[in-house]
Amino acid sequence: MNDLHAGSAPALRRLLDLLASGAATEDFADVLADARRRGAPADVLGEIDDATWQALRVHRTLRQHRRREAELTALFDTAGDLAASRDLDAVLQAIVRRARMLLGTDTAYLTLPDEAAGDTYMRVTDGSVSVLFQTLRLSLGDGLGGLVAQSARPYATPDYRSDDRFHHTDVIDAGVVDEGLVAIIGVPLLLGGRVIGVLFAADRSPRAFSPDEVALLCTLAAHAAIALDTAKALADTRAALAELNSANELIRAHSAAVQRAQRGHDRLTDLVLRGAEVPDVAAAVAALLGGGIAVLDAEGEPLAGRAAAPGAGPAEAAAASRAEGRAVRHGGAWVCAVLAGQEQLGTLVLRGRPDLDDADRRLFERAGVVTALLLLLRRSVAETENRVRGELLADLLTAPDRDPAGLTARGRRLGIDLGRPHLVLVAEPGRGGAGGGAGAGAGAVRSRLAGAAGRYLFGARGISAEHGEAVVLLVPDGSGGGAGDGTAADVGASREPGASREAGASREAGASLGAATAGRAAAGDVAQRAAEQAAERLARLAGFPVTVGAGRPAAGPVALATAYAEGLRCVRALRVLGRDGEGASAGSLGFLGVLLGDGHDVSGFVAATLGPLLDYDARRGTELVRTLRAYFDCGGSLTRAKDELHVHVNTVVQRLDRVEVLLGGDWNGPERSLELQLALRLQLLSGA
């Protein structure tokens, strides 16, 4: 027995050395072959053979342990990657690379579903050399991957091209052939029982995959599923954090807006309680919103701030704001209608803030409400004051002789100096408009006209009241060179009326006839302009034609009552002449003004009508006035006129040509010739 062990001992030591060195399996067979060559006895050879078999078993076990150790190391490394990395692409690339390394395959790759496209695509590849294969897109259910995804189980094929267990397609087969793959194994990426992808390993030669390799690939697939789920969770977390940050910013912005709106509300409330005016509100809102504010009245005229450029008024935007009940954008500005119920009192225009958030927009709209409140308060105060002043005006027109001093004192207490020259304007609804009719309808129309007169005088120092069938306006006269706010020259002065032919002639004649005549002409011009402006604006405010007559400027209760009578006669004359809806003074009506005027200003009428001829005769020593009188006295006959004047007929023609140059081409028309003949007769009778 000892001899047996002694004979086999070298072989056994050699087997141990091979195990220790990790030699290849073929090296173990060489030990038994060497013993046979040396002629070892049969029993020694049997012992060496048994020892070789045991050594091979140990060698196989050690190799399995080493492989398992490598697999565990790879799995631990993958788990470390999952824990340390936030880059999904890097983690998936590492998993695919380790799958290829551990299974010893030529390639490894991973596919994921594309929910938007309804197919799957190559997410990561390792060891691939075919661009066609790397860009493959697989329809759901096609190829080996489709079988794995449908069954949620791993599948392996030693020869992909001849395997008929799954559905082949030309596109997939072309990609596999282009890559040169033969043996393929695919395992599902499972997350909560749902397949979210497939992990593959493939060789370019036939190969059977062992259960250990399938299990290893499944473990790597589980890690890949965890990586995808972690990435999704991180993405969801980032999205949630972003949403929270956005919500936090919105909350901060909303809180700041609420605080700003609260400050704005407190500021506007304080202004109202302190009795502030519209410009104060406009300035406060401009400071709060950081822009420029303009406040326009119902006609688009500025009440505060800078008005829009001509032709660029926000009338259409104001109409849209009124219809929508909120501020609207108009170019680079914002417009808000100032409303009291359905009535538009004015418009707010905000410039310099092309973008308004909801809070600032509401603040701007709140400013419109506050502005409407202030305008209503001002209107209410004005209407109350106007009623009291209207009583004064009614007493003044009804019985001026009863107590002139008392009327003057009452006016002074109300801020009206009756001793100062005033214009009296008499306004009646035009018959061609809404003023037609009688009874209750006429009263309602007159009330509308009275309201329009109050708005027309709003902010001025005039007063108005219903009197008889008309509405009477008393406006301080600004023709004396000291016109201030609220004078007849200022009310409605934003609209420059065209001067009438008669008023122009009156000014020209006045310049040549001395200071007294000039004063009368200027007064007539102011009265005419005031009547025209009042007719235009009252019609716009009332919504129907308004006829206005103006008396001459007057001071004192008695004179003002007389001026009222003259203005009333002007209104009657305008209606007789078919000029409803116009405004005129006695001076602008020519000879009718002489007939209607209470003072019968003959010299003023003569100067206004014949002034250019009188002035020319005075400067040149000619006889144009005498020639014109002879021409009319002779019935327009040149022959008879030259006999009357004892001159040649050509001289008469030349003088009449000069008359035409001075008076205009219509001097011989029916209406003008009547005025000229009347003026010539009055001049002759007055001895001027």
Side-chain angles (χ1 to χ4, degrees), residues 1-78 94-108 126-129 154-163 176-177 179-187 199-220:
M1 188 67 175
N2 292 330
D3 293 339
L4 175 63
H5 289 310
S8 62
L12 295 176
R13 283 196 297 272
R14 186 178 174 187
L15 289 173
L16 290 174
D17 290 340
L18 291 173
L19 285 173
S21 63
T25 304
E26 294 79 5
D27 295 339
F28 288 87
D30 292 341
V31 176
L32 181 60
D34 289 343
R36 283 196 181 99
R37 283 194 300 270
R38 288 195 304 270
D43 53 351
V44 172
L45 292 174
E47 184 176 357
I48 292 174
D49 186 39
D50 290 340
T52 299
W53 177 251
Q54 293 296 331
L56 288 173
R57 289 180 60 189
V58 172
H59 180 271
R60 186 167 55 253
T61 301
L62 290 175
R63 187 176 60 186
Q64 290 175 347
H65 287 170
R66 282 194 293 272
R67 186 178 72 247
R68 187 62 178 167
E69 181 181 358
E71 292 172 355
L72 290 175
T73 300
L75 293 176
F76 279 122
D77 290 343
T78 302
I95 290 173
V96 172
R97 185 178 300 112
R98 287 179 185 129
R100 178 189 174 201
M101 179 187 67
L102 292 176
L103 270 67
T105 57
D106 295 323
T107 63
D126 189 71
S128 173
V129 295
Y155 275 90
T157 176
D159 187 354
Y160 177 87
R161 303 171 196 174
S162 61
D163 198 330
V176 171
V177 170
E179 187 66 52
L181 300 180
V182 177
I184 303 176
I185 178 175
V187 298
L199 178 62
F200 298 88
D203 259 340
R204 295 187 176 92
S205 59
R207 171 179 175 176
F209 293 96
S210 67
D212 288 343
E213 291 173 328
V214 174
L216 175 61
L217 197 61
C218 286
T219 303
L220 290 173

Colleague: Closest heavy-atom contact between R161 and V182?
Modeller: NH2-CG2, 4.4 Å

Colleague: Do S128 and E179 have a side chain donor and acceptor closer than 3.5 Å?
Modeller: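 Distance-only check passes for S128 and E179.
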
Colleague: Locate the shortest heavy-atom distance separating R207 from T105; write the atom from each residue and the value.
Modeller: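 Closest approach of R207 to T105, heavy atoms only: NH1-CG2, 3.4 Å.
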
Colleague: Using the ring-ring contact (aromatic ring centres under 6.0 Å, His included) criterion, which residues pair with Y155? Sequence neighbours excluded.
Modeller: none

Colleague: Looking only at heavy atoms, which two atoms of P154 and V187 are closest? And how far apart?
Modeller: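 Residues P154 and V187, closest heavy atoms: CB-CG1, 3.5 Å.
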
Colleague: Rounded to the nearest 0.5 Å, what separates atom CE in M101 from atom CG in D126?
Modeller: 10.5 Å

Colleague: Got a second to check how far L217's CG is from D212's CG, nearest 0.5 Å?
Modeller: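 Going from CG on L217 over to CG on D212, the span is 12.5 Å.
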
Colleague: Looking at every heavy atom in both F209 and A156, which two are closest together, and how far apart are they?
Modeller: CD1-CB, 4.0 Å

Colleague: Hey, what do you get for CG (D203) to CD1 (I184), rounding to the nearest 0.5 Å?
Modeller: 10.0 Å

Colleague: Just verifying a value: how many Å separate R98 CZ and L220 CG, rounded to the nearest 0.5 Å?
Modeller: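 Reported to 0.5 Å precision, the distance equals 8.5 Å.
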
Colleague: So how far is it from I185 CD1 to F200 CZ, rounded to the nearest 0.5 Å?
Modeller: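 The CD1 atom of I185 sits 10.5 Å away from the CZ atom of F200.
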
Colleague: For the CG atom of L199 and the SG atom of C218, what is their distance to the nearest 0.5 Å?
Modeller: 9.0 Å

Colleague: What are the two closest heavy atoms between L181 and R204, and how far apart are they?
Modeller: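 Minimum heavy-atom separation between L181 and R204: CD2-CG, 4.1 Å.
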
Colleague: Where do D163 and T157 come nearest, in terms of heavy atoms and distance?
Modeller: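 Taking every non-hydrogen atom into account, OD2-OG1, 2.8 Å.
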
Colleague: Check for a donor-acceptor pair, side chain of R100 on one end and backbone N or O of D106 on the other, with a separation under 3.5 Å.
Modeller: yes

